[in-house]
Structure formats: C-alpha cells, structure tokens
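Have a look at the structure below, then the notes.
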Amino acid sequence: MSTTATAFEPVVPLGLTLRVASLPLGDRQFAELCRDNPDLRLELTADRELIIMSPTGSKTGWRNSKLNQRLANWAERDGTGITFDSSTGFTFPNGAKRSPDASWVRLERWQALSPAEQEAFAPLSPDLVIELRSPQDELGSLRAKMTEYVANGVRLGMLIDTLEGKVHVYRPGAEPETVERPRRLRGDPEVPSLELDLVDIL
C-alpha cells in the first residue's frame with residue numbers, strides 16, 4: 001500500500017486597514033471593539049485608520065514570548081520600571097493607540113497614572129518599545145511606526161528584523177542605528193542597565 005505525501009503550505013496572517021475618520025470611534029468605542037474581538041490585535045493610527053491583525057504565526061509567537069520573558073526578567077531584577085506584552089495598548093500624544101510587541105515604562109511614570117488610566121489604554125508613550133518583524137510585516141511600515149514612537153516621546157526603540165538578521169535602534173534626535181546580528185543588545189544611555197539576550201530570537 002502506497003501513501004502520497006502532501007506538502008504543507010504555511011498560512012501567512014494578513015492585516016487589514018480601514019479608514020474610520022467618519023465613524024464615531026472614540027476611546028470607549030475602540031475599547032469595546034477590542035473587547036468584543038479578543039482574537040484580533042487592533043491599533044488606531046493618528047490618522048484614524050483602524051489596523052486589524054490576525055494572530056501571529058507560531059514561530060513569531062514563540063520568539064515574541066521569549067523576548068517578553070527576557071525583558072520582564074530584566075525589569076524585575078532592575079526594579080525601576082515595569083514591562084508590557086503585545087496585547088497592551090497605549091494612547092500616544094498624537095492620539096494613536098498602539099500595541100508594541102514589548103515595552104517598558106519607568107515606575108514613577110506608571111505610578112503617576114490614575115487607576116482608571118492604568119486599566120484603560122494608558123495615556124503615555126513607553127520609555128522603551130520593541131517591535132519584532134514577522135514574515136508578513138513590511139519593513140517600511142515598521143520603520144515608520146518606530147519613527148512615530150520616538151516622535152511621541154519614546155526614549156529608545158528597537159526594531160528586531162528576524163528576516164534580515166538586523167536590529168534597527170531608534171533614539172530621539174538621531175538617525176537610526178543598524179546592528180548586524182547582535183547576540184546581545186544594550187539600552188544605554190536611555191535605559192542604562194538593560195542588556196537584552198537575542199539568542200534564539202534573532
């Protein structure tokens with residue numbers, strides 16, 4: 001009896017962008033939309049474009065899990081701030097509601113928020129944001145997002161490009177720096193004690 005092997009064709013998650021400027025999509029409506037669609041990752045740009053992303057592929061999810069684990073372990077040792085994963089939304093000064101793959105906020109800034117602000121999409125820009133490029137991500141769009149982060153108060157941004165083996169580092173008032181296949185990435189001077197292990201991630 002013979003068997004015929006079938007090739008596995010990977011399914012690449014797709015994103016959808018909708019223009020919603022004419023819709024009454026305020027903070028409450030956006031929060032309800034996110035609540036009613038827990039399987040989707042939703043963002044709202046400053047230009048009122050609703051970005052809808054399906055869950056990531058398994059390998060990207062594994063990498064992102066390791067990234068958040070290592071960032072959280074460092075934050076607990078350091079004690080000066082707290083970390084957030086990719087399901088966390090922030091309201092940036094320009095009105096955009098973004099969910100970086102990983103982020104960190106200094107403790108005093110987080111504690112200055114009211115309990116209601118902490119429960120909602122916190123109205124602040126994280127001090128550190130990290131984005132992890134997956135196969136469906138267009139590099140130019142991610143670069144634009146990193147530039148937006150820094151323009152809105154992020155002190156240090158890291159774009160980990162797993163497709164090309166590079167990390168693009170963003171800082172206010174400076175051109176992005178590209179590092180080829182680093183095993184570790186330091187956060188000084190903006191986040192002095194951070195040293196992020198990228199083995200198995202990049």
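Side-chain atoms are counted along with the backbone in the values below, which use heavy atoms only and exclude waters and symmetry mates. Numbers here simply count residues along the sequence, with the first being 1.
- Contact of the I201 side chain with the R70 side chain is registered, since non-hydrogen atoms from C-beta on lie closer than 4.5 Å.
- A donor-acceptor distance shorter than 3.5 angstrom exists from the side chain of N68 to the backbone of N64, with no hydrogens or angles considered.
- In terms of the ring pair (Phe, Tyr, Trp, His ring centres under 6.0 Å) criterion, residue partners of Y149 (sequence neighbours excluded) are, by chain and number, F92.
- Side-chain N or O atoms of S86 include none that pairs as donor or acceptor with a backbone N or O of P100 at under 3.5 Å.
- Between R63 and the options L202, L132, I160, a side-chain contact (heavy atoms from CB on, under 4.5 Å) holds for only L132.
- Surrounding CD of E175 are at most 12 heavy atoms belonging to other residues, nucleotides or ligands under 6.0 Å away.
- Under the side-chain hydrogen bond (donor to acceptor under 3.5 Å, both in side chains) criterion, S114 pairs with E117, not counting sequence neighbours.
- With hydrogens and angles ignored, the 3.5 Å screen pairs no side-chain donor or acceptor of T178 with any backbone N or O of H168.
- Residue E108 places its CD atom among more than 12 non-hydrogen atoms of other residues, nucleotides or ligands, all under 6.0 Å distant.
- Checked against salt bridge (charged side-chain N to carboxylate O under 4.0 Å, His left out), R184 has the following partners two or more places apart in sequence or in another chain: E195.
- Judged by distance alone, with hydrogens and angles left aside, the side-chain atoms of R109 form a donor-acceptor pair with the main-chain N or O of S125 at under 3.5 Å.
- Ion pairing of D161 with K166 is absent here, as no side-chain N (NZ or NE/NH1/NH2) approaches a carboxylate O to less than 4.0 Å.
- The hydrophobic clustering, which links ILVMFWY residues whose side-chain heavy atoms are closer than 4.5 Å, places M146 and L128 apart.
- L67 has its side chain within reach of L196: a pair of non-hydrogen atoms, C-beta onward, lies under 4.5 Å apart.
- No option in W74, F90, W110 other than W74 meets the ring-ring contact (aromatic ring centres under 6.0 Å, His included) test with W104.
- Looking at heavy atoms from C-beta onward, D127 lies out of side-chain contact with L156 at the 4.5 angstrom threshold.
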